[in-house]
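Report on one structure; see the data block that follows.
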Protein chains: 2
Amino acid sequence: MKVLIVEDDPLHRSYLHEAVRAALPECDSVIEAENGTVGERIAREYKSAHIVMDLQMSPRNGIEAARTIWKERPETRILFWSNYSDEAYVRGVSRIVPDGAAYGYVLKSASDDRLKLALRSIFIEAQCVIDREVRGMQQKSLGQTNGFTDSEYEILVDIALGLTDRAIARRRNLSLRSVQNRLQHLYEKLGVHHPSMPEHEEGRFNLRSRAVTVAFLRKLLNYSALERAEAELGEWLRTR
Amino acid sequence: MKVLIVEDDPLHRSYLHEAVRAALPECDSVIEAENGTVGERIAREYKSAHIVMDLQMSPRNGIEAARTIWKERPETRILFWSNYSDEAYVRGVSRIVPDGAAYGYVLKSASDDRLKLALRSIFIEAQCVIDREVRGMQQKSLGQTNGFTDSEYEILVDIALGLTDRAIARRRNLSLRSVQNRLQHLYEKLGVHHPSMPEHEEGRFNLRSRAVTVAFLRKLLNYSALERAEAELGEWLRTR
DNA sequence: CAAAAATCTGCGGGATCCCGCAAGACGGAA
DNA sequence: TTCCGTCTTGCGGGATCCCGCAGATTTTTG
């Protein structure tokens, strides 16, 4: 068995290396990559079917790398090993995992044993292992309560990119009013309804910008999500 | 000599611990803290005058912690040890360093030797040590060319928070028109002047939101900066 | 299948935003 | 002092945004 480690931090990389060696004695070769770009290339060349990957890397973060890797070989087993359980990451990952694929999401704060157990479960047993904290995020994300619909999330990303209502309407094939409708719902769910000063002209917010900020502070958005969205927007603009 | 280490990642923490031991044989006690809140408390209790600190922590990031520590004892020597040289971080740090204080900013990607050298320079020689990459960011940040004035940065933060023009005017004691004036300058410097489609109604941007996004992508803003700004806004709102 | 809920859409209006024009205020350089 | 650049402020107008109202369409539910 071969294992590919994709992680930009040298300390974490060597820690992972040791963990893999210890947890998987049947593994005869461990390869390392220090970012998403290199990781993709090596995965392709060595046909690695077992990958441990960080999410926050540059250039090319874990989600982008995983997407192209899974597109080429969907049976690849990937364990995401990240510092954070931001909703943006969780959403990003579950959007790209192929049907029936075995994958995992373990936080770096997890114990040694948990990491090793996850490695064996995913790579040997082909079982999914999702950190309970991440699982909680997933359910909150998908469930109705306090959760955001895909369409709401979509429009959140669109205004975060700085598109006008009209541009969003064109991009999503909607009427202008529908876009504004979704925006209203978004504002409501984010709770950005001029909350502090009800009737005064005081401290009023620009709802559009405020929504983006609140989403950021709640980790519904993060840098990596913005980066991806910006790239997608660029592609779309190119095709007009 | 006592050294306090404030760093949330256990691996990095123990690495730092070893580096301090190796670089500073005259150091007889090393204390560790895993976030800014704890770091502040320990710094106060133990009157630590020598601190190595990460920037990105939660709760309470390095900049916030450093600010209160320096406010209490400005002669404290702090070495910031961070993954990133985001302009937001660099700006945040140089905004709070007291006059004449010895401090440092070293990237985690720096070599072992560089870190140890920085430790000795700052803690023994009371000399400032700024990573050359960070230094470059500083100059770009302060210089005219491609750099942002304090007032421009200020208004950038304000719209990022989601304030309306009127609210900004009140907060900064300006007329409405002046606020809009500064915004124009900001848009120009960020290059968000409906660049792609000059006259078409196509792909137009909402300048206000777009400016925030571009600033984010350029790392002029980041999560930590937003967090701080949000806290400051909260304070200001409380005092009306 | 029918009722209910959610979503999409047009219309219209008040608030806000973006910005050109132009007049004053302030400070440094000739 | 005078001149010039930068910053500030007022006025005004066109574009955009936010949203209530109401009808049409789609989806869900019983």
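As the structure is a computational prediction, the values presented were derived from the model and not from experiment.
Straight-line distance from the CG atom of L186(B) to the P atom of dC7(D): 14 Å, rounded to whole Å. For R204(A) and dC19(D), the CZ to C1' distance is 12 Å, given to the nearest whole Å. Atom NZ of K189(A) is separated from atom P of dA6(C) by 11 Å (rounded to the nearest Å). With rounding to whole Å, L207(B) atom CG is found 11 Å from dG20(C) atom P. For the pair R210(A) CZ and dC18(D) P, the computed distance is 15 Å after rounding to whole Å. Protein atom CG of L183(B) is 15 Å distant from nucleotide atom P of dT16(C), rounded to whole Å. The separation between R172(B) atom CZ and dT9(D) atom C1' is 19 Å, rounded to whole Å. Nucleotide dT7(C) holds its C1' atom 14 Å from the CD atom of E154(A), rounded to whole Å.
One cannot find a donor-acceptor pair under 3.5 Å joining the base of dC18(D) and the side-chain atoms of Q184(A). Judged by distance alone with a 3.5 Å cut-off, a donor-acceptor contact links the side chain of N181(A) to the base of dT9(C). Side-chain N/O atoms of Q180(B) and base N/O atoms of dC17(C) include no donor-acceptor pair closer than 3.5 Å. You won't find any donor-acceptor pair under 3.5 Å spanning the side chain of R177(B) and the base of dG12(D), going by distance alone.
A close approach under 4.0 Å does occur between a side-chain nitrogen or oxygen of S178(B) and OP1 or OP2 of dT9(D). Between S175(B) and the phosphate of dT9(D), there is a side-chain N or O to OP1/OP2 separation shorter than 4.0 Å. A close approach under 4.0 Å does not occur between any side-chain nitrogen or oxygen of R182(A) and OP1 or OP2 of dT7(C).
Partners of A66(B) by side-chain contact (heavy atoms from CB on, under 4.5 Å), not counting sequence neighbours, listed by chain and number: M53(B), W70(B), I78(B), F80(B), I96(B). In terms of the ring-ring contact (aromatic ring centres under 6.0 Å, His included) criterion, residue partners of F123(A) (sequence neighbours excluded) are, by chain and number, H50(A).
Between Y89(B) and Y105(B), a ring centre-to-centre spacing not shorter than 6.0 Å is recorded.
Residues E133(A) and S85(A) bring a donor and an acceptor atom of their side chains to less than 3.5 Å of each other.
Within the nucleic acid shown, L174(A) comes within 4.0 Å of sugar-phosphate atoms alone, with no base atom in reach, counting heavy atoms only.
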Take E87(B) and K219(B) through the test side-chain contact (heavy atoms from CB on, under 4.5 Å) and record every step on the way to the result. CA-CA 6 Å; E87(B) 183 161 351; K219(B) 314 227 178 189; 5.7 Å; no

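Two end axes, each from the C1' atoms of five base pairs, can be drawn for the helix from dC1(C)-dG30(D) to dA30(C)-dT1(D); they diverge by 40°, to 10 degrees.
More than 12 heavy atoms of other residues, nucleotides or ligands sit less than 6.0 Å from atom CZ of R73(A).
Within the 3.5 Å criterion, the main-chain N or O of S178(B) finds a donor-acceptor partner in the side chain of S175(B).
A residue-by-residue look at L176(A) and H185(A) shows that H185(A) has its nearest nucleotide of DNA chain C further toward the 5' end.
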